[in-house]
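Here is the structure we will look at, set down as structure tokens.
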4 protein chains.
Amino acid sequence: MIEPDLPRRQRRKEARPAELAAAALSLFIEKGFAATRLDEVAARAGVSKGTLYLYFDSKEALFRAVIEEGLVPLFEQMEAKLDTLKDDPERLLKEILLDWWTHVGATELGGISKLIISEARNFPEVAAYHNEAVIQRWMSLLGKVIQTGVEQGVFRALDVETLRQLVFFPLLMLSVWKHSIAGCAAACSAAANPISPTYFDTYFDMIFRGLLVAPPELSA
Amino acid sequence: MIEPDLPRRQRRKEARPAELAAAALSLFIEKGFAATRLDEVAARAGVSKGTLYLYFDSKEALFRAVIEEGLVPLFEQMEAKLDTLKDDPERLLKEILLDWWTHVGATELGGISKLIISEARNFPEVAAYHNEAVIQRWMSLLGKVIQTGVEQGVFRALDVETLRQLVFFPLLMLSVWKHSIAGCAAACSAAANPISPTYFDTYFDMIFRGLLVAPPELSA
Amino acid sequence: MIEPDLPRRQRRKEARPAELAAAALSLFIEKGFAATRLDEVAARAGVSKGTLYLYFDSKEALFRAVIEEGLVPLFEQMEAKLDTLKDDPERLLKEILLDWWTHVGATELGGISKLIISEARNFPEVAAYHNEAVIQRWMSLLGKVIQTGVEQGVFRALDVETLRQLVFFPLLMLSVWKHSIAGCAAACSAAANPISPTYFDTYFDMIFRGLLVAPPELSA
Amino acid sequence: MIEPDLPRRQRRKEARPAELAAAALSLFIEKGFAATRLDEVAARAGVSKGTLYLYFDSKEALFRAVIEEGLVPLFEQMEAKLDTLKDDPERLLKEILLDWWTHVGATELGGISKLIISEARNFPEVAAYHNEAVIQRWMSLLGKVIQTGVEQGVFRALDVETLRQLVFFPLLMLSVWKHSIAGCAAACSAAANPISPTYFDTYFDMIFRGLLVAPPELSA
DNA sequence: GATGAATGAGAATTCATTCAT
DNA sequence: CATGAATGAATTCTCATTCAT
């Protein structure tokens with residue numbers, strides 16, 4: 001990955017935007033967009049305030065970049081998986097949902113969802129971009145998986161539009177929760193943390209009992 | 001509600017905090033806490049900026065009051081219902097969830113959830129208060145309803161902690177969505193609005209097929 | 001002028017914009033628009049920085065106001081004079097030019113010309129406003145006076161457009177000079193100051209010898 | 001002008017300051033000193049920002065150089081002419097004034113006058129240098145020409161100090177005007193452009209009628 | 001109580017200047 | 001010599017908070 005024959009300066013220059021966006025992401029998630037000062041972002045990235053402006057035109061541009069940077073590595077994997085496991089929609093759906101949780105929901109990237117929710121009203125263009133580049137894409141992916149299952153007679157023929165939301169929202173909400181309410185560890189009691197150890201077992205049990213034409217428990 | 005024998009001045013005086021909090025609530029929801037200026041709050045409430053400080057010590061105090069004011073009328077109803085319909089947990093759960101949607105999720109009060117999610121990190125004490133005064137209370141209510149159903153052998157004996165979240169999150173997320181992403185109507189395409197007309201039908205179908213020991217469709 | 005029954009606060013509020021504009025004018029003239037900091041303007045007016053923004057939306061708005069404030073009292077007098085002395089165009093022209101010198105060129109208001117010259121490129125709308133509200137008006141006034149003289153057979157029938165500039169530019173340039181080069185008293189030698197004691201005598205001698213059909217010197 | 005036996009590198013090196021100053025001049029004139037960024041100057045000269053500092057210590061030093069560079073080629077011509085046409089002061093004066101207009105007033109160099117007027121207060125030493133190196137020299141030249149005319153009995157014996165200003169200011173003002181107000185072409189109406197086609201005819205007519213002991217028109 | 005003018009600390013942004021490469 | 005990434009002081013503008021009226 002590292003090209004050792006480039007002078008250090010230049011290597012730095014190429015890495016900078018990602019470093020800055022990473023610093024900004026973590027701060028935006030911690031404190032929200034408005035409450036994050038560019039001073040802090042610069043400090044966390046180990047550069048001066050002015051340097052930010054070498055790479056981003058404004059705070060809003062930085063916001064936009066954070067979304068883009070954070071989401072580029074995110075979708076190759078997800079969509080690639082769609083072509084595998086076509087004959088086992090249950091396992092495919094489960095894997096895709098767990099993938100999302102592992103690579104997004106449970107990580108810092110999950111904070112982007114919270115960010116977008118918080119700032120959509122104030123930055124409609126950024127929200128629109130995110131909606132189109134991420135939400136629609138992801139929802140469409142989920143829809144295709146479910147649709148496949150329906151067509152194969154494995155999933156019940158309910159409204160796919162709604163199903164994909166019902167299936168996804170418990171995970172999304174969990175992630176959002178983790179990055180906001182559960183984040184004020186000191187003040188909020190432990191009870192604020194909603195993740196019980198059996199959460200995922202129960203989640204998939206419920207989801208698939210609702211989805212499957214012949215749930216294992218009953219078909220037995 | 002109105003006490004007609006008090007002189008108007010005094011009535012006004014007592015109503016003021018609620019009026020101010022109402023104005024603040026709608027603005028906080030529209031623009032977020034940080035982006036709302038006290039000028040605007042005062043203007044919307046029809047008073048001068050200085051007057052705000054007669055009733056609230058600071059912007060944060062106003063935030064706290066917004067939570068309290070907005071949620072006081074909210075929980076008498078909900079908890080009262082618990083004592084009714086004890087013998088029909090399915091109907092009770094459905095009614096309670098629809099009640100929440102009707103009186104909170106679908107109304108401006110649903111915006112408080114978004115607000116808390118956005119600002120929890122910056123105002124941990126407010127978040128803690130909300131957590132304890134609202135979230136815990138509401139989750140406990142849901143838990144009791146489900147527990148009743150389990151005890152009566154109507155609901156499956158899964159982890160109740162998780163079930164109440166799985167049941168509630170699709171509604172909560174929907175409400176949060178409505179108050180953020182779906183709110184930037186101009187920029188975000190209509191597709192951002194996730195409510196399909198059959199959402200609630202499918203929602204309850206899925207939920208109860210997952211919950212009920214003997215779902216109608218399968219018991220047949 | 002002062003209305004002694006208004007509370008001091010209110011009297012102040014009405015006077016403020018003019019006070020602020022006056023402070024800004026003198027600083028803009030001294031240092032130019034770009035080099036003047038709003039801190040200084042506020043300090044000179046004896047208020048805080050924030051107060052400026054109660055009355056003016058931006059530094060540019062302040063600039064615009066300076067032009068307007070400074071020029072309002074300026075044109076009533078000038079144009080009123082046009083109706084007098086219709087039968088003596090030479091005296092009328094001389095009085096109007098001296099009036100301009102006394103009330104504008106020689107005073108701080110003359111600095112506005114320098115300001116506009118300096119900043120026209122950077123603030124085209126302000127320059128356009130000044131052009132229309134001041135320059136055109138003043139030039140038109142001069143043109144009418146000269147035209148009257150021509151029609152009465154007192155002035156030679158040359159191009160009036162040009163004449164009014166030839167007549168005015170020596171005064172305008174003198175004023176601009178005073179407010180720029182002559183202003184750096186310490187560094188610039190006294191020779192930079194171009195006003196010789198006989199300037200106006202020679203000026204009018206030249207102007208009228210050029211203008212008059214029958215100059216006194218020769219008609220004698 | 002080009003010295004073809006120097007290696008190109010070296011030629012470049014010697015030409016650099018002049019190239020940089022030329023780039024700076026045009027930008028200073030376009031936008032004023034303060035509003036010109038060194039980035040732009042470097043870009044227009046086709047070098048990097050750092051290179052500027054190899055040749056000039058500071059932005060102010062560049063300003064000073066702009067004056068010097070721009071005016072060096074300017075005065076050989078002018079003063080050389082003084083020795084010719086000694087027996088026709090009218091024609092000499094006319095030629096010198098037209099020369100100034102052709103080589104300075106009408107060209108980019110005329111912008112230096114505007115620049116000095118704008119920045120004299122902020123850069124007194126630069127203004128002082130310009131005053132001494134340019135203004136005094138030029139005024140002295142004009143004075144000598146007029147003095148010659150007076151001594152030959154061709155020009156009237158008025159105050160020469162003032163006469164040279166009266167003669168020069170209409171041209172100077174015209175040039176300044178062209179480089180400021182007339183420059184904001186978009187916003188300012190065409191009427192802002194003060195040059196009528198007969199400007200110079202009328203100008204010389206007026207000037208010489210005022211100057212000459214026996215103007216053609218009257219001597220008839 | 002109520003007002004709204006005034007404040008000033010704080011945040012985003014710009015840009016002349018430096019210096020490692 | 002030349003570069004251009006990095007700096008940070010300086011500047012505009014915002015807004016929660018105060019307080020004289």
Side-chain angles (χ1 to χ4, degrees), chain A residues 6-14 16 34-42 45-62, chain B residues 9-10 12-13 16 33-43 46-62, chain C residues 6-14 16 34-42 45-62, chain D residues 9-10 12-13 16 33-43 46-62:
Chain A
L6 284 177
R8 194 187 315 164
R9 257 296 180 73
Q10 195 157 347
R11 263 209 329 274
R12 208 65 195 277
K13 186 193 171 186
E14 279 159 18
R16 272 284 147 79
T36 298
R37 283 175 297 115
L38 290 185
D39 278 347
E40 296 176 283
V41 175
V47 301
S48 78
K49 221 176 353 165
T51 301
L52 280 174
Y53 285 86
L54 292 178
Y55 298 95
F56 304 101
D57 284 344
S58 66
K59 197 183 180 188
E60 182 171 349
L62 181 59
Chain B
R9 196 67 183 286
Q10 199 160 345
R12 198 66 193 277
K13 182 179 155 189
R16 271 284 156 80
F33 177 78
T36 297
R37 284 180 297 119
L38 291 187
D39 275 333
E40 296 174 283
V41 174
V47 300
S48 76
K49 201 164 31 157
T51 302
L52 281 175
Y53 282 84
L54 294 176
Y55 296 97
F56 304 101
D57 286 345
S58 67
K59 198 183 182 188
E60 181 171 350
L62 181 59
Chain C
L6 283 177
R8 194 186 316 160
R9 256 296 179 72
Q10 195 158 345
R11 263 209 329 271
R12 209 65 194 277
K13 186 193 171 187
E14 279 160 17
R16 273 284 146 80
T36 298
R37 283 177 299 116
L38 290 184
D39 279 348
E40 296 176 283
V41 176
V47 301
S48 77
K49 219 180 352 167
T51 301
L52 280 174
Y53 285 87
L54 292 177
Y55 298 95
F56 304 101
D57 284 343
S58 65
K59 197 183 180 187
E60 182 171 350
L62 180 59
Chain D
R9 195 65 183 289
Q10 199 160 346
R12 197 64 192 277
K13 183 178 155 187
R16 271 284 155 82
F33 177 78
T36 297
R37 284 179 297 118
L38 291 187
D39 275 333
E40 296 175 282
V41 175
V47 301
S48 75
K49 201 165 29 156
T51 302
L52 282 175
Y53 282 84
L54 295 175
Y55 296 96
F56 304 101
D57 285 344
S58 67
K59 198 183 182 187
E60 181 171 350
L62 180 60

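In what follows, chains are A, B, ... by sequence order, proteins preceding strands, each numbered from 1.
When the nearest nucleotides of DNA chain F are assigned to D/Leu54 and A/Leu54 by heavy-atom distance, the more 5′-ward of the two goes with D/Leu54.
Pairing analysis of DNA chain E (Watson-Crick: purine N1 to pyrimidine N3 plus N6-O4 or O6-N4; G-U wobble: N1-O2 and O6-N3; both under 3.5 Å) yields stems of 3 or more pairs at E:2-21 with F:2-21.
Remark: C1' of F/dC19 and CG of B/Leu52 are 16 Å apart, rounded to the nearest angstrom. Between the C1' atom of E/dA11 and the CD atom of A/Glu40 lies a distance of 11 Å, rounded to the nearest Å. Computed from coordinates, the D/Tyr55 OH to F/dT3 C1' distance equals 13 Å when rounded to whole Å. One can place CG of C/Leu62 at 15 Å from C1' of F/dT11, the figure rounded to the nearest angstrom.
Crowding of D/Asp39 atom CG: a count of heavy atoms from other residues, nucleotides or ligands under 6.0 Å exceeding 12.
D/Ala34 meets the side chain to side chain contact (heavy atoms under 4.5 Å, CB included) test with C/Ala34; sequence neighbours excluded. The side chain to side chain contact (heavy atoms under 4.5 Å, CB included) check on D/Phe56 picks up D/Pro17, D/Leu20, D/Ala61, D/Leu62, D/Ala65, with sequence neighbours excluded. Applying the salt bridge (Lys or Arg N to Asp or Glu O under 4.0 Å) criterion to C/Lys59, with sequence neighbours excluded, gives no partner residue. Residues forming a side chain to side chain contact (heavy atoms under 4.5 Å, CB included) with C/Ala35 (at least two apart in sequence, or on another chain): C/Lys31, D/Asn122.
When the side-chain nitrogen and oxygen atoms of A/Ser48 are compared with OP1 and OP2 of F/dG8, none of them lie within a distance under 4.0 Å. The side chain of B/Arg16 places an N or O atom within less than 4.0 Å of a non-bridging phosphate oxygen (OP1 or OP2) of E/dA2.
Between A/Leu54 and A/Arg16, the closest side-chain pair of non-hydrogen atoms is not below 4.5 Å.
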Check nucleotides 12-14 of chain E against the protein and report each pair of N or O atoms closer than 3.5 Å, with its distance, or say if there are none.
residue, atom, partner, partner atom, Å
E/dA12, OP1, A/Thr36, O, 3.4
E/dA12, OP1, A/Lys59, NZ, 3.2
E/dA12, OP2, A/Leu38, N, 3.2
E/dT13, OP2, A/Tyr53, OH, 2.5
E/dT13, OP2, A/Lys59, N, 3.0
E/dT13, O5', A/Tyr53, OH, 3.1
E/dT13, O4, A/Lys49, NZ, 2.9

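The minimum heavy-atom distance between B/Leu38 and B/Leu52, with the atom names listed, is O-CD1, 3.6 Å.
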